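Structure record follows, encoded as structure tokens.
Every number for a ligand or one of its atoms is a count from 1 in the order of the listing. Side chains are part of it too, since the values below use all heavy atoms of this structure and drop only hydrogens, waters and symmetry mates. Note that this is a predicted model, so its numbers are computed, not measured.
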Amino acid sequence: MVLERLGSSIRKILKKVASASHVDKRLLKEVVKDIQRALIQADVKVELALKLTKALEKRAIEDDPPPGMTLREHVIRIIYDLMVEILHGSKEIKLEKQRIMVVGLYGSGKTTTIGKLSRYFQKKGLNVGVVAGDTHRPAAYEQLAQVVGAINVPIYGNPKEKRAERVVREGIEHFKDFQVVIIDTSGRHSLELDLKEEIERLSRIVRPDETILVLDATIGQQAGPQAKSFHEAVGVTSVIVTKLDGSAKGGGALSAVSETEAPIAFIGTGEKIDDFEKFDPPRFISRLLGMGDLQALLERADEVLDKEKAEEISRRLLSGKFTLREMYDQMEMMSKMGPLQKILSFIPGMPGKLSDEELEEMQEKLGGYRVMMDSMTEEELTNPKLIKSSRLKRIAKGSGTSVDEVRELLKQFNMSKKTIKGIVGNRKMRRQLMRQFKDQGMDFGE
Ligand SMILES: Nc1nc2c(ncn2[C@@H]2O[C@H](COP(=O)(O)OP(=O)(O)O)[C@@H](O)[C@H]2O)c(=O)[nH]1
Ligand SMILES: [Mg+2]
């Protein structure tokens, strides 16, 4: 698979987030560091990696998760978005009459890609002609002829002619009634002056609708400066990244695209003519990170956490400890529709299964409780008996509620406490409760 290593290291990081018992600042900082390391190892430019992870840190710490999303999911979402961002968008090459000039260094995959691109247009029902504008390498004409010959796409060229301008001018004339004309060009080992001048001259002759830069994914970070100089010479409008099948360092080429304003249109994933796909960053990243697995992982993590929390609450209940916090946690567990709702359904004072309205009501109540509890001191939370007249007023004021609402909360608390005490204090009932917990697979370490 493409970019195997980057994919697997980011996956590991996501797993860490998904299975952490608490997502907090410390974990986020750690995750940001991990991602930086993974990006840099995949040859993403250091400055870009830093810039992106800074943005990640800022968003993860400062933005509240959108409604209905946990912090955990939120962070995973941000990491995913970040990865998509690295890829700098994508581009659709239009299916219309056009001239396409293909540029790139020697061996980057221009000729192979022209075959793939011709096939793409051909499949969409457009007629295509290719011009053998690489007059530099002796066997270039034959190679192109062979590649497009296999799919019956006509070629114009002259293996004896050394002047690329001449071949290209004639080729364009030759294919003037064709819908798509693709022009192959020479490469060098680097963008030397003579190559730069040659493609500039050709570009003036062709007046291309699209100038596609072919970038070899295996060259890593060199892709950046390369993309930049080609862009300065002829104005790149799209990029095709090749050899993503064999490259662990594809991050370099993928991120190099931010050096041109040109997005990636296609990627090459093998030597064969059909090893070619439209570039779709979200899909690409989802596949790279195994988002399907990740979704399942997130769900499992939630279950595990719910179970751990349920165990902890049950343990506290059995110990006879019951403060406002226990009540809140217990209600929160109940309001979270989930596989564990059943486990908690026997908790005194709680309905067996919540209907949608009851659920909504409870969540609303909880929201209010949370606000009031935030205005209480540690002492008051553990010992709500202390909450009398002046404290009542203070809490109401601090939470923007009324004294009656605070009283209502305390009333609910006293009722719950009474029932809990009644059950836990009764040996028989206590045993029964314990057995129920255990039947549900809860582990009390006894
Ligand atoms: N594995 C793999 N090899 C490729 C891909 N694209 C091109 N190649 C190979 O790269 C080499 C150079 O390709 P070529 O098209 O001749 O490059 P050019 O010099 O830019 O025209 C050839 O051996 C191709 O088979 C790709 O997407 N994956
Ligand atoms: Mg070639």
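- Checked by atom type and distance alone, the side chain of Lys110 pairs as donor or acceptor with a backbone atom of Gly104 at under 3.5 Å.
- Heavy-atom neighbours of Lys58 NZ from other residues, nucleotides or ligands within 6.0 Å: at or below the threshold of 12.
- Contact annotation: for Asp245 versus ligand 1, heavy atoms closer than 4.0 Å belong to the side chain alone.
- For ligand 1, one of its N or O atoms has an N or O atom of Gly109 under 3.5 Å away.
- Not a single heavy atom of Gly104 sits less than 4.0 Å from an atom of ligand 1.
- At least one donor-acceptor pair closer than 3.5 Å links the side chain of Thr135 to the backbone N or O of Lys162.
- Residue-ligand proximity: Leu105 is placed with a non-hydrogen atom under 4.0 Å from ligand 1.
- Under a cut-off of 6.0 angstrom, the local environment of NZ in Lys160 is sparse, with at most 12 non-hydrogen atoms contributed by other residues, nucleotides or ligands.
- No donor-acceptor contact under 3.5 angstrom links the side chains of Ser229 and Glu232, judged on distance only.
- Counting the atoms of ligand 1 from 1 in the order shown, those under 4.0 Å from a heavy atom of Arg137 are 19 (O).
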Hey, can you pull the donor-acceptor pairs under 3.5 Å for the side chains in residues 142-156, sequence neighbours left out?
unit_1: Tyr156; atom_1: OH; unit_2: Glu170; atom_2: OE1; d: 2.6

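- Residue contact annotation: Gly187 has no non-hydrogen atom under 4.0 Å from ligand 1.
- Every N/O-N/O distance between Asp275 and ligand 1 stays at or above 3.5 Å.
- Heavy-atom proximity to atom 5 (C) of ligand 1, evaluated over Gly270, Gly115, Ala140, is greatest for Gly270.
- For ligand 1, the polar-atom distance check finds no N/O of Tyr106 at less than 3.5 Å from any of the ligand's N/O atoms.
- Under the side-chain hydrogen bond (donor to acceptor under 3.5 Å, both in side chains) criterion, Lys365 pairs with Gln412, sequence neighbours left out.
- Numbered from 1 in the order shown, with element, the atoms of ligand 1 that lie under 4.0 Å from a heavy atom of Glu271 read 1 (N), 2 (C), 3 (N), 4 (C), 25 (O), 28 (N).
- Salt bridge Lys123/Asp274: present, at least one basic N to carboxylate O contact under 4.0 Å.
- Identified under the side-chain hydrogen bond (donor to acceptor under 3.5 Å, both in side chains) test for residues 192-201, with sequence neighbours left out: Glu165-Arg201, Ser186-Glu198, Arg188-Asp194, Arg188-Glu198, Lys196-Glu200.
- Using a 4.0 Å cutoff on heavy atoms, Lys272 does not count as a contact of ligand 1.
- Compare Thr218, Ile267, Thr112 by their heavy atoms: the one nearest to atom 13 (O) of ligand 1 is in Thr112.
- The pair Glu57-Lys54 does not meet the salt-bridge criterion, since no charged nitrogen lies less than 4.0 angstrom from a carboxylate oxygen.
- Annotation for ligand 1: atoms under 4.0 Å from non-hydrogen atoms of Thr269 are 27 (O).
- Atoms of ligand 1 lying under 4.0 Å from at least one heavy atom of Lys110, given by number and element, are 15 (O), 17 (O), 18 (P), 19 (O), 20 (O), 21 (O).
- Around the Mg ion (ligand 2), protein N, O or S atoms at a distance under 2.8 Å total 1; waters are neither shown nor counted.
- Side chain of Thr242 to main chain of Ser108: a donor-acceptor pair is present (N/O by atom type, distance under 3.5 Å, no hydrogens or angles).
- How far CG of Leu50 is from CG of Leu39: 9.5 Å, rounded to the nearest 0.5 Å.
- A ring-ring contact (aromatic ring centres under 6.0 Å, His included) with Phe266 is found for one member of Phe276, Phe121, Phe279 and no other, namely Phe276.
- Looking at Val214 against ligand 1, nothing comes within 4.0 Å, counting heavy atoms.
- No donor-acceptor pair closer than 3.5 Å links the side chain of Thr269 to the backbone N or O of Asp245.
- Residue Gly268 has at least one heavy-atom neighbour below 4.0 Å for each of these atoms of ligand 1: 27 (O).
- When non-hydrogen atoms are compared, ligand 1 lies under 4.0 Å from neither the backbone nor the side chain of His136.
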